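Source: prediction; values computed, not measured.
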Amino acid sequence: RQALEEMRALYERNQADVSEAKSGRTDLIFLIRFRHCCLLRNQRCLLAYLYDRLLRIRALRWEYGSVLPNTIQFHMSAEEVEWFNQYKKSLATYMRSVGGEEGLDLTQDIKPPKSLYIEVRCLRDHGEFEIEDGTTILLKKNSQHFLPRWKCEQLIRQGILEHVLS
């Protein structure tokens with residue numbers, strides 16, 4: 001906001017000096033050019049900042065899944081939340097188009113797994129959880145389970161489960 005206010009002030013001063021320069025004051029041309037270079041620099045800095053935020057928001061989709069925690073979403077603007085939702089939809093459409101009928105979940109193995117099953121502890125009550133063979137498991141706080149890694153990796157990223165290292 002401070003950079004935008006500075007840019008607005010520089011632009012207004014330039015507009016006033018341009019009208020004076022048109023009336024014959026050529027000594028203001030260098031000052032006008034200098035302010036214009038300052039405006040361009042601030043614009044580049046703001047664009048770099050916005051691009052960095054965009055990359056971080058994109059990384060949040062891969063880290064937390066399609067639902068962001070409220071603590072993170074609280075710090076995002078409405079436009080950023082909208083961009084996140086559009087990216088989420090685009091990624092889902094792409095994942096459905098790749099890998100046949102069921103699609104391919106590209107977010108399931110961020111790191112290559114050492115084993116297909118892992119032991120997890122439930123950090124908070126989550127309710128019923130169904131695995132691929134149709135078995136339903138009740139995820140209650142402090143309960144431990146031996147589950148397929150790919151089914152519980154999303155819940156680990158969301159903070160519902162934690163990987164128990166033996």
Side-chain angles (χ1 to χ4, degrees), residues 1-114 118 120 122-127 129 139 141 149-163:
R1 289 185 183 140
Q2 184 180 1
L4 286 174
E5 289 300 320
E6 180 184 332
M7 288 176 71
R8 187 174 293 116
L10 286 170
Y11 180 78
E12 289 170 359
R13 280 190 257 155
N14 259 8
Q15 289 296 80
D17 286 350
V18 164
S19 60
E20 284 188 40
K22 285 182 180 178
S23 64
R25 285 198 58 196
T26 57
D27 60 321
L28 295 175
I29 292 175
F30 295 110
L31 184 58
I32 293 169
R33 285 185 182 167
F34 177 73
R35 283 192 200 127
H36 184 71
C37 288
C38 291
L39 283 168
L40 292 176
R41 179 201 173 273
N42 286 356
Q43 180 184 21
R44 285 191 309 272
C45 290
L46 287 174
L47 287 173
Y49 169 76
L50 291 173
Y51 184 67
D52 182 61
R53 283 200 54 105
L54 179 107
L55 293 178
R56 290 173 190 244
I57 292 169
R58 186 176 67 182
L60 289 174
R61 168 57 181 95
W62 291 86
E63 184 177 343
Y64 290 100
S66 59
V67 179
L68 289 177
N70 289 333
T71 55
I72 292 176
Q73 203 167 9
F74 175 75
H75 295 288
M76 294 169 59
S77 70
E79 292 82 8
E80 290 172 334
V81 171
E82 182 181 336
W83 189 90
F84 176 81
N85 289 330
Q86 288 297 323
Y87 180 72
K88 174 177 68 173
K89 288 176 187 174
S90 296
L91 184 61
T93 302
Y94 176 72
M95 288 191 300
R96 275 192 307 271
S97 71
V98 177
E101 290 179 17
E102 297 174 15
L104 177 65
D105 187 5
L106 298 173
T107 63
Q108 76 182 8
D109 286 322
I110 301 298
K111 296 176 186 169
K114 292 181 182 176
I118 59 171
V120 292
C122 194
L123 299 175
R124 61 177 187 238
D125 290 338
H126 182 67
F129 180 70
L139 297 177
K141 187 174 182 177
R149 173 185 283 280
W150 69 275
K151 286 297 276 185
C152 58
E153 190 171 83
Q154 193 85 14
L155 295 174
I156 291 172
R157 281 190 253 135
Q158 291 175 0
I160 296 169
L161 298 175
E162 76 172 337
H163 185 185

message: Does Q15 form a side-chain contact (heavy atoms from CB on, under 4.5 Å) with E12? I'd like the steps, not just the answer.
response: CA-CA 5 Å; Q15 289 296 80; E12 289 170 359; 5.6 Å; no
- line: Rounded to the nearest 0.5 Å, the CG atom of L123 sits from the CD atom of E162 at a distance of 4.5 Å
- prompt: So how far is it from N14 CG to L31 CG, rounded to the nearest 0.5 Å?
  reply: 7.0 Å
- prompt: Should the heavy atoms of other residues, nucleotides or ligands under 6.0 Å from CG of N70 be counted, would the total exceed 12?
  reply: no
L40 side chain reached by Q43 side chain, heavy atoms, under 4.5 Å: yes
message: Distance check, rounded to the nearest 0.5 Å: Q2 atom CD versus E5 atom CD?
response: 9.5 Å
query: With a 4.5 Å heavy-atom cut-off, do H36 and R33 have their side chains touching?
result: no
task: First locate atom CD of Q158, then atom CZ of R124, and finally report the distance between them rounded to the nearest 0.5 Å.
output: 7.5 Å
query: For the atom pair CZ (R13) and CZ (R8), what is the distance rounded to the nearest 0.5 Å?
result: 13.0 Å
- prompt: Is there a side-chain contact between V81 and L68 (heavy atoms, below 4.5 Å)?
  reply: no
- prompt: Given side chains that start at C-beta, do those of W83 and R58 come closer than 4.5 Å, heavy atoms only?
  reply: yes
task: Check for a donor-acceptor pair, side chain of R157 on one end and backbone N or O of W62 on the other, with a separation under 3.5 Å.
output: yes
Side-chain heavy atoms of N85 within contact of K88, under 4.5 Å: yes
field: Any side-chain heavy-atom pair of I57 and Y87 under 4.5 Å
entry: no
query: Got L155 and V120 here, is their nearest side-chain heavy-atom distance under 4.5 Å?
result: no
message: What's the separation between atom CG in D17 and atom NZ in K22, rounded to the nearest 0.5 Å?
response: 12.5 Å
